[in-house]
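What you are looking at is a predicted structure, and each value in this text was computed from that prediction instead of being measured.
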Amino acid sequence: MDSTTIQEISRLFLPSRWHYHYARIKLTVDPVYAVATDALAGTHAPLLDLGCGVGLLPHYVQARGISLEYLGVDNDIRKIALARVVAARGALRNARFEAVDLAQGFPTHRGSVAILDLLQFLPVSRVADLLALAADCVSAEGRLIIRTGLDDHGWRTHLTRAADHLARAIRWMNAGPRSYPTREFLVKHLEDQGLKLYFTPLRCNSPFNNWLIVARRS
């Protein structure tokens with residue numbers, strides 16, 4: 001995405017300078033928005049974004065010329081409130097944001113699902129259940145798009161965990177990391193749901209052990 005468009009999206013978060021700089025830095029240096037949008041290219045299936053935060057993804061998707069219905073959910077009421085305000089300022093089309101605690105309920109949905117930087121914040125006992133619910137939402141046209149750290153017991157996993165603890169310490173995240181899935185865990189639980197998985201490293205010259213997983217109906 002060009003710097004002018006990034007600047008336009010970031011300005012929607014003003015007058016908060018903190019959120020303005022956060023949006024600008026994330027859209028500039030974090031590859032997840034580009035690769036997630038690439039994964040959605042060619043489909044118009046509605047998108048459910050689990051753990052949507054302040055809602056940067058739909059702005060990026062719309063700026064790339066992809067038109068689809070969007071529902072972003074997060075358990076952080078403050079982030080949802082901000083996402084709604086910014087969506088109205090940016091004239092996001094067909095986008096809604098809802099405060100949802102996924103431990104208490106799961107949205108009804110059919111299409112594509114994004115789970116970006118969420119799995120590590122869930123108790124181990126809940127990850128498999130969430131993956132099953134998300135996979136059940138994926139239509140024949142849809143995609144399941146996951147960005148997560150993978151636990152391979154290497155030094156990158158330890159640094160990824162430390163960064164997530166820092167996000168909790170500065171109160172950007174309202175929970176600390178619990179665990180990171182292994183590649184084998186994701187393959188087992190998603191292939192059992194009839195999905196074919198594609199893994200791509202998203203380290204991008206960083207020390208973190210981040211991966212993109214895109215799953216489609218077999």
Side-chain angles (χ1 to χ4, degrees), residues 1-102 105-119 121 130 133-134 137-139 141-148 167 172-174 202 212 214-215:
M1 179 178 288
D2 63 87
S3 59
T4 300
T5 304
I6 290 174
Q7 180 78 344
E8 290 173 352
I9 295 173
S10 302
R11 283 176 177 163
L12 299 173
F13 289 85
L14 292 172
S16 170
R17 301 297 296 180
W18 197 99
H19 287 108
Y20 163 79
H21 288 294
Y22 169 81
R24 187 173 182 181
I25 292 170
K26 285 284 285 183
L27 292 172
T28 300
V29 305
D30 193 339
V32 73
Y33 303 105
V35 295
T37 302
D38 289 342
L40 292 168
T43 174
H44 296 287
L47 174 62
L48 171 63
D49 187 4
L50 302 177
C52 66
V54 296
L56 286 174
L57 180 59
H59 292 276
Y60 196 104
V61 170
Q62 180 169 289
R64 285 274 300 271
I66 297 176
S67 177
L68 45 78
E69 294 182 12
Y70 171 92
L71 172 60
V73 302
D74 200 287
N75 68 351
D76 191 322
I77 296 174
R78 297 170 303 171
K79 290 181 180 179
I80 289 297
L82 178 59
R84 288 171 174 167
V85 170
V86 173
R89 291 174 181 164
L92 276 184
R93 297 183 294 274
N94 300 318
R96 296 184 294 118
F97 295 91
E98 300 292 340
V100 174
D101 183 350
L102 295 174
F106 196 91
T108 300
H109 178 76
R110 192 70 177 164
S112 294
V113 182
I115 309 176
L116 308 181
D117 304 319
L118 174 64
L119 296 182
F121 297 105
L130 179 70
L133 289 168
C137 293
V138 178
S139 65
E141 182 190 9
R143 312 282 189 266
L144 174 59
I145 304 166
I146 300 172
R147 202 265 287 268
T148 185
W172 178 244
M173 299 300 297
N174 60 8
L202 275 186
L212 177 80
V214 177

- Query: Given side chains that start at C-beta, do those of Y20 and Q7 come closer than 4.5 Å, heavy atoms only?
  - Reply: yes
- For P107 and L102, work out which heavy atoms get closest and say how close. CD-CD2, 4.0 Å
- Query: Roughly how far, to the nearest 0.5 Å, is CG of D38 from OH of Y33?
  - Reply: 15.0 Å
- Message: Given 3.5 Å as the limit, does a donor-acceptor pair link the side chain of S112 with the main chain of G142, or not?
- Response: no
- Note on the structure: On a heavy-atom basis, the closest approach of I9 and Y60 is CD1-N, 4.4 Å
- Message: Using 0.5 Å steps for rounding, measure from the CZ atom of R93 to the CD atom of E69.
- Response: 12.5 Å
- Message: Treating R89 as the side-chain partner and L14 as the backbone partner, does any N or O pair qualify as donor plus acceptor under 3.5 Å?
- Response: yes
- How about Q62 and I66: do any of their side-chain heavy atoms sit closer than 4.5 Å? no
- Any sub-3.5 Å donor-acceptor pair from N94's side-chain atoms to L68's backbone N or O? no
- Message: Let's go through V73 and D49 carefully: what are the C-alpha distance in whole Å and the side-chain angles of both, what is the deciding distance for side-chain contact (heavy atoms from CB on, under 4.5 Å) to 0.1 Å, and is it a yes or a no?
- Response: CA-CA 6 Å; V73 302; D49 187 4; over 6 Å; no
- Item | Pair K26-H21, side-chain contact (heavy atoms from CB on, under 4.5 Å): steps then yes or no | CA-CA 8 Å; K26 285 284 285 183; H21 288 294; over 6 Å; no
- List the atom of L118, the atom of G51, and the distance in Å for their closest heavy-atom pair. CD2-N, 4.4 Å
- Task: Would you check if the side chain of H44 reaches a backbone N or O of S67 as a donor-acceptor pair within less than 3.5 Å?
- Result: yes
- Item | Student check: side-chain heavy atoms of L56 and Y22 closer than 4.5 Å | yes
- Message: Would the distance check show the side chain of T5 and the main-chain N or O of M1 forming a donor-acceptor pair, the cut-off being under 3.5 Å?
- Response: no
- Query: When rounded to the nearest 0.5 angstrom, what distance separates CD1 in I6 from CD in E8?
  - Reply: 10.5 Å
- Query: Taking the side chain as C-beta and beyond, is there a heavy-atom pair between H59 and V86 under 4.5 Å?
  - Reply: yes
- Correct closest heavy-atom pair for C52 and I80 would be SG-CD1, 3.7 Å
- Can you tell if the side chain of D74 reaches within under 4.5 Å of the side chain of E98, non-hydrogen atoms only? no
- Note on the structure: Heavy-atom nearest pair, G42 first then E141, reads O-OE2, 4.1 Å
- Task: For side-chain contact (heavy atoms from CB on, under 4.5 Å), just list the numbers for L47 and L40, CA-CA rounded to whole Å, side-chain angles, deciding distance to a tenth of an Å, and then say yes or no.
- Result: CA-CA 9 Å; L47 174 62; L40 292 168; 3.8 Å; yes
- Message: Does any part of the side chain of R110, heavy atoms only, come nearer than 4.5 Å to the side chain of S139, both counted from C-beta?
- Response: yes
- V113 and I146, any side-chain heavy atoms less than 4.5 Å apart: no
- Query: Can you tell me how far the CD1 atom of I145 sits from the CG atom of L50, to the nearest 0.5 Å?
  - Reply: 11.5 Å
- Message: Ignoring hydrogens, what is the shortest heavy-atom contact between F97 and P58? Give both atom names and the distance.
- Response: CZ-CG, 3.9 Å
- Take L144 and I115 through the test side-chain contact (heavy atoms from CB on, under 4.5 Å) and record every step on the way to the result. CA-CA 8 Å; L144 174 59; I115 309 176; 4.1 Å; yes
- Is any side-chain heavy atom of F13 closer than 4.5 Å to a side-chain heavy atom of V85? no
- Message: Can you tell me how far apart OH (Y70) and CG (L92) are? Round to the nearest 0.5 Å.
- Response: 9.0 Å
- Task: Supply the atom-to-atom distance L212 CG to L116 CG, rounded to the nearest 0.5 angstrom.
- Result: 8.0 Å
- Query: With distance as the sole test, does H109 use its side chain to make a donor-acceptor pair with the main-chain N or O of P46 at under 3.5 Å?
  - Reply: yes
- Query: Salt bridge between D117 and R147, side-chain N to carboxylate O under 4.0 Å?
  - Reply: yes
